[in-house]
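To find a chain, count down the sequence lines: A is the first, B the second, and so on, and within it residues start at 1.
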Protein chains: 2
Amino acid sequence: MEPNTTPNELDVTEFALVFEELTRIIIRLPSIEKLSFTTLSVLHTLSRKSPMRLTELTANEQVTQSGITQLVTRLERDGLVERRPDPTDGRVVLVHITAKGADIIHSRRLDRIAQLSTFMEGLTPEEKETVAAALPALRRLGELGNGMRT
Amino acid sequence: MEPNTTPNELDVTEFALVFEELTRIIIRLPSIEKLSFTTLSVLHTLSRKSPMRLTELTANEQVTQSGITQLVTRLERDGLVERRPDPTDGRVVLVHITAKGADIIHSRRLDRIAQLSTFMEGLTPEEKETVAAALPALRRLGELGNGMRT
DNA sequence: TAACTTATATAAATATGTGATATAATTCTT
DNA sequence: AAGAATTATATCACATATTTATATAAGTTA
């Protein structure tokens with residue numbers, strides 16, 4: 001990969017690699033509850049928007065409709081979500097996240113924040129400032145990424 | 001004290017949330033090969049360092065030693081890794097990633113870079129510059145995170 | 001209203017993961 | 001240097017998860 005010669009020009013490859021590395025670290029942070037990747041993903045999706053239809057969940061996650069139905073059944077058994085009918089359409093099931101389910105996502109998030117904080121302490125004040133300055137752009141990058149989802 | 005004069009303080013919570021969102025998007029980028037999370041994780045680990053012992057892999061991934069042994073057997077069957085003996089210790093098996101295995105990681109990385117590039121195009125030049133300016137600090141954050149792994 | 005479509009569920013087969021245990025190679029102990 | 005303990009990997013039996021194909025019920029359309 002050719003490094004960009006223009007000063008301060010954004011090297012997307014470099015960004016992707018750095019991001020990959022950070023993701024790798026975060027994924028490997030130890031956590032108490034042993035929930036599968038798919039389980040956490042569905043819970044996380046529901047923590048952003050609840051309730052959701054099973055079909056909607058199926059579209060978001062990378063498992064089949066059958067897989068989602070069964071996963072939701074397990075989550076319901078464990079009290080992390082609830083199935084409720086949709087008054088306007090008798091076919092659909094609306095999956096609501098419970099307080100217990102939301103707590104799991106929330107506490108994991110707090111763990112991550114704590115870990116990230118200790119890592120951040122190793123940065124110089126100047127480095128921290130560059131990260132802080134980039135936050136708005138990164139947030140917008142996320143919005144752009146969401147908007148472009150087909 | 002005007003808010004403008006206050007140095008831009010880094011909000012770790014905000015960083016974690018933005019990072020979470022970006023991760024979420026990247027994970028959901030469509031990809032052709034349907035390999036499980038664990039499979040990809042092991043391949044990715046090996047793409048960073050190969051060969052590795054099974055025990056070493058077990059320590060990195062979140063499955064049992066038995067699980068890793070079986071996963072490696074499957075990967076070997078699919079031609080993504082190779083088992084070779086360690087000349088210095090007759091007990092150990094060294095798992096080498098093959099070109100085919102490395103290609104999977106590489107092509108997925110290229111996909112991610114391409115997608116990120118299109119998202120980045122939506123940023124203003126100023127925004128891109130803040131991201132570019134933060135890259136060195138983010139890279140160092142990754143190094144710090146790696147170093148602190150217990 | 002019959003035919004089609006959509007949303008979810010179920011069943012059977014397959015894939016994946018765990019825990020307990022086995023085997024072989026190495027290291028430690030005396 | 002032999003026997004005991006340890007380490008690295010493999011295997012077996014079982015549990016859990018996921019897919020494919022199909023079923024059922026509700027809504028939509030011609």
Side-chain angles (χ1 to χ4, degrees), chain A residues 27-28 30-46 49-97 101 104, chain B residues 27-28 30-46 49-97 101 104:
Chain A
I27 284 176
R28 282 171 173 69
S31 84
I32 309 98
E33 328 98 25
K34 39 179 182 179
L35 297 169
S36 80
F37 177 73
T38 320
T39 303
L40 284 171
S41 183
V42 168
L43 270 188
H44 189 252
T45 299
L46 285 169
K49 181 189 170 199
S50 171
M52 280 177 82
R53 298 172 165 216
L54 282 177
T55 24
E56 221 177 337
L57 279 175
T58 303
N60 271 281
E61 311 299 327
Q62 305 200 336
V63 282
T64 61
Q65 175 264 315
S66 171
I68 286 286
T69 293
Q70 295 173 73
L71 176 48
V72 165
T73 301
R74 272 176 271 137
L75 289 174
E76 197 170 29
R77 185 213 340 126
D78 297 342
L80 307 181
V81 305
E82 268 177 30
R83 261 184 247 249
R84 296 196 208 147
D86 181 340
T88 70
D89 187 334
R91 294 167 301 178
V92 335
V93 162
L94 291 176
V95 185
H96 295 249
I97 193 168
I104 289 181
Chain B
I27 283 176
R28 282 170 174 69
S31 84
I32 308 99
E33 327 99 25
K34 39 178 181 180
L35 298 169
S36 79
F37 177 73
T38 319
T39 303
L40 284 171
S41 184
V42 167
L43 270 187
H44 189 251
T45 299
L46 285 169
K49 182 189 169 198
S50 171
M52 280 177 82
R53 298 171 165 215
L54 282 177
T55 23
E56 221 177 337
L57 279 175
T58 303
N60 272 281
E61 312 299 326
Q62 305 202 333
V63 281
T64 60
Q65 175 265 316
S66 169
I68 286 286
T69 294
Q70 296 172 73
L71 176 48
V72 165
T73 301
R74 273 176 270 137
L75 289 174
E76 197 171 28
R77 183 210 345 122
D78 297 343
L80 306 181
V81 305
E82 268 177 30
R83 260 185 249 248
R84 295 196 209 147
D86 181 340
T88 70
D89 188 333
R91 295 167 299 178
V92 335
V93 162
L94 291 176
V95 184
H96 295 249
I97 194 168
I104 288 181

| task | Of all the heavy-atom pairs spanning A:Thr45 and A:Leu57, show the shortest one and how long it is. | result | CG2-CD2, 3.9 Å

| query | How close or far is atom P of C:dA7 from atom CG of A:Leu57, stated in whole angstroms? | reply | 13 Å

Sort me out a list of protein N/O and nucleotides 17-20 of chain D N/O pairs below 3.5 Å, or just none if empty.
from: D:dT18; atom 1: OP1; to: A:Thr38; atom 2: OG1; distance (Å): 3.0
from: D:dT18; atom 1: OP2; to: A:Arg74; atom 2: NH2; distance (Å): 3.3
from: D:dT19; atom 1: OP2; to: A:Thr64; atom 2: N; distance (Å): 3.2
from: D:dT19; atom 1: OP2; to: A:Thr64; atom 2: OG1; distance (Å): 3.1
from: D:dT19; atom 1: O4; to: A:Gln70; atom 2: NE2; distance (Å): 3.1
from: D:dT20; atom 1: O4; to: A:Ser66; atom 2: OG; distance (Å): 2.9

| Taking CG from A:Asp86 and P from D:dA26, how many angstroms apart are they, rounded to a whole number? | 14 Å

| field | A:Arg91 and A:Thr55 side chains, donor-acceptor separation under 3.5 Å | value | no

| request: State, yes or no, whether a side-chain contact exists between B:Val81 and B:His96 at a heavy-atom distance under 4.5 Å. | output: no

| field | First encountered from the 5' end of DNA chain D, between A:Asp89 and B:Leu94 | value | B:Leu94

| query | Side-chain N or O of A:Arg53 less than 4.0 angstrom from OP1 or OP2 on C:dA7? | reply | yes

| task | May I have the distance from B:Phe37 (atom CZ) to C:dA15 (atom C1'), rounded to whole angstrom? | result | 18 Å

| query | Among B:Val63, B:Thr69, B:Ile68, which residue meets the side chain to side chain contact (heavy atoms under 4.5 Å, CB included) test with B:Thr58? | reply | B:Ile68

| Nucleotide D:dT16, atom P - distance to CG of A:Leu35 in whole Å | 14 Å

| query | Could one point to a donor on the side chain of A:Arg91 or the base of C:dT6 with an acceptor on the other under 3.5 Å away? | reply | yes

| said: Regarding B:Glu61 and B:Ser41, do their side chains bring together a donor and an acceptor under 3.5 Å, going by distance alone? | reply: yes

| task | Using distance alone, with no hydrogens and no angle criterion, decide if B:Ser36 and B:Arg74 have a side-chain donor and acceptor under 3.5 Å apart. | result | no

| task | Could you work out which one of D:dA8, D:dG27, D:dA10 sits closest to the side chain of B:Leu54? | result | D:dA10

| field | Short side-chain N/O contact from A:Thr55 to OP1 or OP2 of C:dT6, under 4.0 Å | value | no

